[in-house]
Amino acid sequence: MSRYNARTVEPKWQKAWDDAQTFLATRDDAKEKYYVLEMFPYPSGRIHIGHVRNYTMGDVIARYKSSCGFSVLHPMGWDAFGMPAENAAMAIGGHPKEWTYGNIAAMRDQMKPLGLSIDWTREFATCDPEYYGQQQAMFIDFMEKGLVYRKNATVNWDPVDMTVLANEQVIDGKGWRSDAPVERRELTQWFFKISDWSEELLSALDGLDNWPDKVKLMQANWIGKSRGLQFAFERTDGGEAIEVYTTRPDTLMGASFIGISPDHPLAKELEASDPKAAAFIAECRKGGTTAEALETGEKIGYDTGLKVKHPLNPDWELPVWVANFILMDYGTGAIFACPAHDQRDLDFCRKYGLPVIDTFFALDDQTPVTTEAFVPPKTDTVKWVDHFAGLDVATGEEAIDATIDFVEKAGWGQGVTKYRLRDWGLSRQRYWGCPIPVVHCEDCGVVPEKKENLPIKLPDDVTFDIPGNPLDRHPTWRDTPCPSCGKAAKRETDTMDTFVDSSWYYARFTSPHASTPTDMADAEYWMNVDQYIGGIEHAILHLLYSRFFARAMHETGHLPASAKEPFNALFTQGMVTHAIYQTYDSNGRRIYHLPEDVIEFTDLDGQKNALLSVDVQGAKIDPDDVVSMSSLYSMLKIKGIAEQRRDTVEIIPSAKMSKSKKNVVDPVDIIDQYGADTARWFVLSDSPPERDVEWTASGAEAAWKFLGRVWRLAAELGDGDDTDTDLERATAQAIREVTLGIETFGFNKSVAKLYEFANTISKSKAGAGAKRKAVKTLAQLMSPMTPHLSEEIWAHLGGEGLIANAPWPEADEALLVQDTITMPIQINGKRRGEIDVSAEASKEEVEKLALAHDAVVKALEGREPKKLIVVPGRIVNVVI
RNA sequence: GCCCGAGUGGUGGAAUGGUAGACACGACAGAUUCAAAAUCUGUUGCCGAGAGGCGUGUCGGUUCGAGUCCGACCUCGGGUACCA
């Protein structure tokens, strides 16, 4: 009998599937459809083990659903625009287009051997002009529907490189290449009006029954619906009143000062007239644009000298400050601060010597606030000091409602609902993205390009030797006649955020070669995505943008109403993580090292250490032999390697795999050595799919051994027509549990059950006929995970056609019924024995049996139990 | 900072509020072998000679019963609107 040889078997079956066009998705109105989609990859150049895990999960679902009789759509494409291509062009020369398409070819070559059931005829990359041209057409439709507009927005500006930086390119407040302190700068940019859909995107979350609650919660928090009070503070100098929005109007008596954003119109006025204010605002503009930078940075303020009148007491004047932590994007860009009940306000007031006024206390503690703000949940009842709406004891919620009522009746303010969600800024000052199809004409203004001129293709003749957007400095590309008046005009040089590309690719897959963005008949049949699979890191932005886009596409006639919520079910798989190894150069900048360039060992204290392999100069070191840094040095000395200064390698454990941080693990070694089925089986084993896993290759060999064992089990079988009830029962149980595992994304549990089932078969004394039947079912149950091996066994055992086309096995329910049950007996909640009872036994019979149990009799010593709990079919607890 | 998760043997993990540790890795012992590889069999949470006790990040609570529910905290991970 020959050994299982993945190297010859796997390509054989891949060819058989290709020849039979097994995975071609076809519209078949007689069949129910099932659309499985994994988030498409960025073509970084190499697939990593996380991709293998992700796509194998999708493949298990796709193959399983196909066996269940569905017409399956399982496509693949490339999220191909983005910064890394431009970075590569800057770092190593070449062109982003060549780099990207080269990477796509390499990754496709790495993916094909995995034997994924993908309909490759639908493949596309978002940087294909055929794709982004359709995106431009949609953009024009969105413009017509008023879904797009322009306004000013802040960007990270590198004053040395004179270019816009991505948040990722700002490291510790400095530009990644220039090392110069980053500034915030305003540019006119394009926006999608996603905020018009805030309520819709929020309330529709309720209908997403098959989405993880955590994702829905994150999106709801992100949209951030709040009800508050909007009103104006009159200025004492008669200037324009300051509108504020607050979610805690009930604390108005605790107001300490008025804070405005450095980007507030009033701040801008002062910037022109007050040099000190201008200096302060300039200070605020230092640093990056991220929320994290703003909120973790030092809170600073500037007293404008302006005063406002408190609306409840015209004699009470409050100072107006400019504060760097107030965002112009949220509310009105101005607040009143209540330091007693907001920690940030309190810290600020203590720093600048502003008053702190308590407005309410806990019922049992009236200590005034000192260094810690009193911020109870809004549902807690508190005692009010002097509430203007006449409250004494009430919850925060009641007080807020009462206050809004009071103010509305008094006529100086209004209850308002606001959302935190901001409009989606889609402009990018970069080359490698989808050009925004508009023209700036001196006479006509901003004019959309004519659809017949689409796609507006990116010019190929660009260079990346200087920072900035090559489209801006291209000699001719910008020049174009105005689509409206025909006069010489200029193209927009901003390109689109890559999130635009990934916000509708799922729809394009339903008709990837159509001459319009979608084909309605195809979209009607294939949409929605029945199962979407991707990383939790996309829980907010990508998934929210996609939900918005589907709605916008419906508005513009590109998707049916039924596809407004495009993903029926979502599964967020965990990430495969790996340690990052870093050292520092002489300027203190981080240098990242590949895992294969590092020797890692654990010393006797359990401390992890690492050294660069180059420092070991090729000496063979077994990390298990190294117990401490000094023992490593002695070993190196013994091996004749001269003592030298060596960098200590810093280890950052369990970080998301990222090419730029060089902690990406390549799966090709495993595939080369053991085959795709082993890699697939391995990534599905052990870890629950939703959990992050630290990458370790130990266990790959065990997976390979198991698959060999299953093959031998099949290969060594003889013939016979005998049957075996025990094996049939084990088969029925395996079918039930493996199926349940797949249906609930418990692939690790399915794998464990398959191990158990295979062990049961190999240990069974049943005849060849009975075993043959069991092994055939085993092969079928394994086929979504190890499709090549399963086909080989299926063919060997005389199965009809391809196992990929065989219907999913069904469990014989009659065999799953148990007649006796073993029930554990607890005494005071601790397990002390067990009894066997018939499945039909009444509660009374179980109680009798339990009380007659040796351990119970002994513990009772003739007394009556205090309580006797019988959970039928489960457990008995005797309380003494 | 803010929002969302996760934490169980040496390791990955299993467990509708009902026998904690299924299944696998590793380790150890044995069989087979001239020997090894491969394969097969067995043992394996910790403490204890044993009886037994202790055990699911920490502390507290609810319950007849908590890994699971509630509260506080610790650590790690993801997101934080220009990484994708």
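Letters go in sequence order (proteins before strands), and every chain restarts at 1. Below, each value reflects all heavy atoms present in this structure, side chains not excepted, and no hydrogens, waters or symmetry copies.
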According to a strict under-4.0 Å criterion, is [X] in side-chain N/O contact with OP1 or OP2 of [N]?
X        : N     : result
A/Arg691 : B/A14 : yes
A/Lys214 : B/C4  : no
A/Asn828 : B/G65 : no
A/Lys705 : B/C40 : no
A/Ser687 : B/G13 : yes
A/Asn87  : B/C83 : no
A/Thr498 : B/A84 : yes
A/Lys866 : B/C64 : no
A/Arg831 : B/G65 : no

Provide the Watson-Crick or G-U wobble partner of [N], both distances under 3.5 Å; none if there is no partner.
N     : result
B/G17 : none
B/A72 : B/U58
B/A29 : B/U41
B/A24 : B/U11
B/G1  : B/U80
B/G52 : B/C47

Need one value for [X]: base, sugar-phosphate or nothing, where a base atom within 4.0 Å counts as base even if backbone is also close, heavy atoms only.
X        : result
A/Ser427 : base
A/Phe325 : nothing
A/Ala539 : nothing
A/Gln189 : base
A/Gln826 : base
A/Gln429 : base
A/Gly425 : sugar-phosphate
A/Lys749 : sugar-phosphate

Open item on the list: Classify the ring geometry of A/His538 against A/His542: parallel below 30°, tilted from 30° to 60°, perpendicular beyond 60°.
Closed with: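 A/His538 vs A/His542 ring planes: perpendicular.
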
Task: Mutual orientation of the aromatic rings belonging to A/Phe571 and A/Phe745 [parallel < 30°, tilted 30-60°, perpendicular > 60°] - done: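 The arrangement is parallel - the two ring planes meet at less than 30°.
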
Rounded to whole angstrom, note down the [atom1] distance from [N] over to [M].
N     : M     : atom1 : result
B/A15 : B/G67 : C1'   : 9 Å
B/C23 : B/G9  : C1'   : 14 Å
B/A72 : B/C3  : P     : 12 Å
B/G12 : B/C2  : P     : 30 Å

Candidates [options] - which lies nearest the side chain of [X]:
X        : options             : value
A/Asn877 : B/U39, B/C64, B/A22 : B/C64
A/Glu537 : B/U80, B/C40, B/G79 : B/G79
A/Arg874 : B/G1, B/C4, B/U16   : B/U16
A/Pro688 : B/A20, B/C3, B/G13  : B/G13
A/Val155 : B/C82, B/G77, B/A81 : B/C82
A/Thr296 : B/A22, B/G18, B/G1  : B/G1
A/Ala166 : B/A81, B/C83, B/C23 : B/C83
A/Met218 : B/C4, B/A81, B/C23  : B/C4
A/Glu292 : B/G1, B/G13, B/C82  : B/G1
A/Asn167 : B/G78, B/C83, B/G1  : B/C83

Treating [X] as the side-chain partner and [Y] as the backbone partner, does any N or O pair qualify as donor plus acceptor under 3.5 Å?
X        : Y        : answer
A/Ser261 : A/Ile326 : yes
A/Arg428 : A/Ala166 : no
A/Asn156 : A/Leu165 : yes
A/Arg680 : A/Met785 : yes
A/Asn324 : A/Lys299 : no

Task: Syn or anti for B/G9 (syn when the glycosidic angle lies within 90° of 0) - done: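 B/G9: syn glycosidic orientation.
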
Task: Where protein sits on nucleotides 42-48 of chain B, one letter per nucleotide: B base, S sugar-phosphate only, - none, heavy atoms under 4.0 Å - done: -------

Task: Within the 6.0 Å centroid threshold, strictly below: A/Tyr505 and A/Trp78 - done: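 No.
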
Task: Check: A/Phe192 ring centre within less than 6.0 Å of A/Tyr545 ring centre - done: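 Centroid separation for A/Phe192 and A/Tyr545: 6.0 Å or greater.
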
Open item on the list: Between A/Tyr532 and A/Trp211, do the side chains contain a donor N or O and an acceptor N or O under 3.5 Å apart?
Closed with: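 Short answer, no.
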
